[in-house]
Amino acid sequence: MLPRGRPRALGAAALLLLLFLIGFFLFGGDLDYGRPQPRGAAALDGDLPAGYGGHNSSDCDPPRPRPRPPKCELLQVAIVCAGHNSSRDIITLVKSMLFYRKNPLHLHLVTDAVARNILETLFHTWMVPAVWVSFYNADEPQPQVSWIPNKHYSGLYGLMKLVLPGVLPPDLVRVIVLDTDVTFASNIAELWALFAYFSDKQVIGLVENQSDWYFGNLWRNHRPWPALGRGFNTGVILLRLDRLRQAGWEQMWKMTATRELLTLPATSLADQDIFNAVIKEHPWLVQPLPCVWNVQLSDHTLAERCYSEASDLKVIHWNSPKKLRVKNKHVESFRNLYLTFLEYDGNLLRRELFGCPCPLPPGAEQLQRALAQLDEEDACFEFRQQQLTVHRVHITFLPHKPPPSQPHDVTLVAQLSMDRLQMLEALCRHWPGPMSLALYLTDAEAQQFLRFVETSAVLSARQDVAYHVVYREGPFYPINQLRNVALAQALTPYVFLSDIDFLPAYSLYNYLRASIEQLELDGGRKAALVVPAFETLHYRFSFPTSKAELLALLDAGSLHTFRYHEWPRGHAPTDYARWREAQEPYRVQWAADYEPYVVVPRDCPRYDSRFVGFGWNKVAHIMELDAQEYELLVLPEAFIIHLPHAPSLDISRFRSSPTYRDCLQALKDEFHQDLSRSYGAAALKYLTALQQPRGPI
């Protein structure tokens, strides 16, 4: 949902204050501002001095005014991005750009299939005004660079910037090219303005490399590629694409790379080595940029020579394999700047560029009209507003390797928030198959979750668990939206629709696959396999390894049928008495308020997202399955057990607020009306669900 209201404004103000303090401590500490400023120091501050780049001038010439792009000029930015981790990195980069920008942006993303799937969903749901995103398949130009041996950790994708003039649209004239590991500390329009300093022959703008790498004396037998002086770093590039194409760039770099590879075994710094070898041979191609536009925090960095003379920095570049763990005496201040954007609420960046009329993102105009029609005096206003909220969604937040496709395979689908993270390790021990989990988190909590997984031996070992982050916004827990996100990302033919606070029987995964095959569900039979649910009130208990052990615990009072004391209607149709003796699956009939946990085909109906918080979220889904004539088949050897935990905020609201319960009833009425419109007379039997006495759900 597009942001509104004072809390977001206060959040933005707090961030501005934090950034000011970071800058103050970074540049106001032990740096000597009293020393005389050296010749050319203007270049350190972001202005190219008169005569910079080879133009004739004298020291008495007044400095040229800093150019500014037109207020609403569209700035073009290209980024190569591949894989899950790089897809996370690019979001931090984009946040830093959006925070300072005052111009519309067009992002040109050259991606593999994994990154495109992630980023298309994220930008579509982010709905940032005046930002356009185009995708280009990184696999297509791979043959142009795959012949080049590359020792750099970026692999094949680290060479992709060489082919950008051929990949990007032929009518694109200028573009800023960025690595995913840079962070902006200023308005990107100032960088774009440096194109104005290019001479007629210059085609590439680069910052000098801030290390002695290309001098070749870092260790014994160190043989770098040829470079002009200290060389240039390619983490931030200004490209005149039109001139590169006219100059025959593709032939130029390929000839240079072929020649150098006759005596050098491979590139060490990927595309940067080849760019520098070309510039060594054709030095007039390059326009040196002020060092503040690429402050490089590599292992052997000399960046302090830049930022000790500068009044402010523009772009921080984490160009060491160690990234934030690189050693530098000022690294803590740089790290704080990065972490500010890493954990910054991306919802606050959904702000319009006032004075720059731009088309709204797809769906935003309809969303604004729907929001405008809401009555803020309506007691159920927050429920209505939550239904219209478009949450940012970052699918496959962590690296994910789906298992090979199998005809009867099942993915466990569930959702959770930060207070249920402790359930994940136990769930992974109980369910050895694939899982698709949606997590409702803030940007800061997403980073805590990342560290939690990385430090867990159990979770970090599982590559078949797909985690999808849905970013928090609004007063209610969007439980059915979360379920739909997780369900949509399941890759197996069948899904087990569970909740995070249930542990499945150790044998359930294999048993479900065998049952699907035995019941011949892949032959077109529409069935929902019911997994009976139980609960324990004990935080510690011995989990049963079989149905016989479970029945013994049930008879001993250590286990109970799920919610038997609060809401028996929810699971009574499962017929637990029959289940005790059953040897074969048996069919049960739908009844009012029935909400079992089921295994269904992946293309089953989605959950109704109007139901948020607590109440009727599963009931409505089971009603729709029944309306579509799914058989309800109870499995005789299957079971899950609910573990105790503190009540959620939403269930507390339900129990304490008559208004909450009244609004839920209104949503039920609307759902039944929609069901009747969809299924006609067949939906009449569900009217009884609305005629039951109100009570706990």
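Just so it is clear, the model here is predicted, and its values are computed rather than measured.
- Of the inter-residue distances, the one linking Arg420 atom CZ with Gln422 atom CD reads 7.0 Å to the nearest 0.5 angstrom.
- With rounding to the nearest 0.5 angstrom, the CG atom of Asp419 is 12.5 Å from the OH atom of Tyr440.
- The main-chain N or O of Thr180 is never found under 3.5 Å from a side-chain atom of Asp89 such that the two would form a donor-acceptor pair.
- Note on Lys95 versus Asp443: salt bridge recorded, some NZ/NE/NH1/NH2 to OD/OE distance being below 4.0 Å.
- Asn117 places no side-chain N or O within donor-acceptor distance of the main-chain N or O of Ala113, the cut-off being under 3.5 Å.
- Ring geometry, Phe543 versus Phe541: the interplanar angle falls from 30° to 60°, so the pair is classed tilted.
- His538 and Thr536 share no side-chain donor-acceptor pair at under 3.5 Å.
- When the options Leu421, Val485, Leu482 are evaluated for a side chain to side chain contact (heavy atoms under 4.5 Å, CB included) with Leu439, the one that passes is Leu421.
- Among Leu508, Val598, Val413, the single residue meeting the side chain to side chain contact (heavy atoms under 4.5 Å, CB included) criterion with Phe496 is Leu508.
- Seen from the ring of Phe614, Arg653 does not count as a face-on cation partner, given the 6.0 Å and 45° thresholds.
- For the residue pair Thr411 and Thr492, a side-chain donor N or O sits within less than 3.5 Å of a side-chain acceptor on the partner.
- For the pair Arg351 and Phe99, the cation-pi test (distance below 6.0 Å, angle within 45°) is passed.
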Test side chain to side chain contact (heavy atoms under 4.5 Å, CB included) on Phe123 and Leu107 and set out the steps. CA-CA 11 Å; Phe123 281 106; Leu107 305 180; 3.9 Å; yes
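- Side-chain contact check for Asn233 and His317: at least one donor-acceptor pair (N or O, by modelled atom type) lies under 3.5 Å.
- Ring orientation note: the planes of Phe562 and His642 are tilted relative to one another, at an angle of 30° to 60°.
- A side-chain N or O of His468 and one of Ser436 form a donor-acceptor pair less than 3.5 Å apart.
- A salt bridge links Asp499 with Arg483; the closest basic N to acidic carboxylate O contact falls under 4.0 Å.
- In this structure, His124 places its NE2 atom where only 12 or fewer heavy-atom neighbours from other residues, nucleotides or ligands lie under 6.0 Å away.
- Looking at Asp179, its side chain never comes within 3.5 Å of a backbone N or O of Asp181 through a donor-acceptor pair.
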Can you list the steps and then say if Arg563 with Glu535 is a salt bridge (charged side-chain N to carboxylate O under 4.0 Å, His left out)? CA-CA 7 Å; Arg563 301 192 74 185; Glu535 67 178 351; over 6 Å; no
Could you walk me through whether Tyr607 and His621 satisfy the ring pair (Phe, Tyr, Trp, His ring centres under 6.0 Å) test, starting with their C-alpha distance in whole Å, then the side-chain angles of each, then the deciding distance to 0.1 Å, before giving a yes or no? CA-CA 5 Å; Tyr607 288 87; His621 188 244; 3.9 Å; yes
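- If you check the side chains of Tyr509 and Asp409, you find a donor sitting under 3.5 Å from an acceptor.
- Atom OH of residue Tyr338 and atom CD of residue Glu343 lie 10.0 Å apart, to the nearest 0.5 angstrom.
- Checking Glu425 against Ser456 by side-chain atom types alone, a donor-acceptor pair falls below 3.5 Å.
- Screening Thr121, Thr125, Asn347 for a side-chain hydrogen bond (donor to acceptor under 3.5 Å, both in side chains) with Arg392, the sole residue that qualifies is Asn347.
- Between Arg451 and Glu454 there is no salt bridge, since no side-chain N of the basic residue sits under 4.0 Å from a carboxylate O of the acidic one.
- A side-chain donor from one of Tyr477 and Gln415 sits under 3.5 Å from a side-chain acceptor of the other.
- By the 30° and 60° cut-offs, the orientation of the rings of Tyr660 relative to Phe383 is perpendicular.
- Taking 4.0 Å as the cut-off between side-chain N and carboxylate O, Asp345 and Arg350 do not count as a salt-bridged pair.
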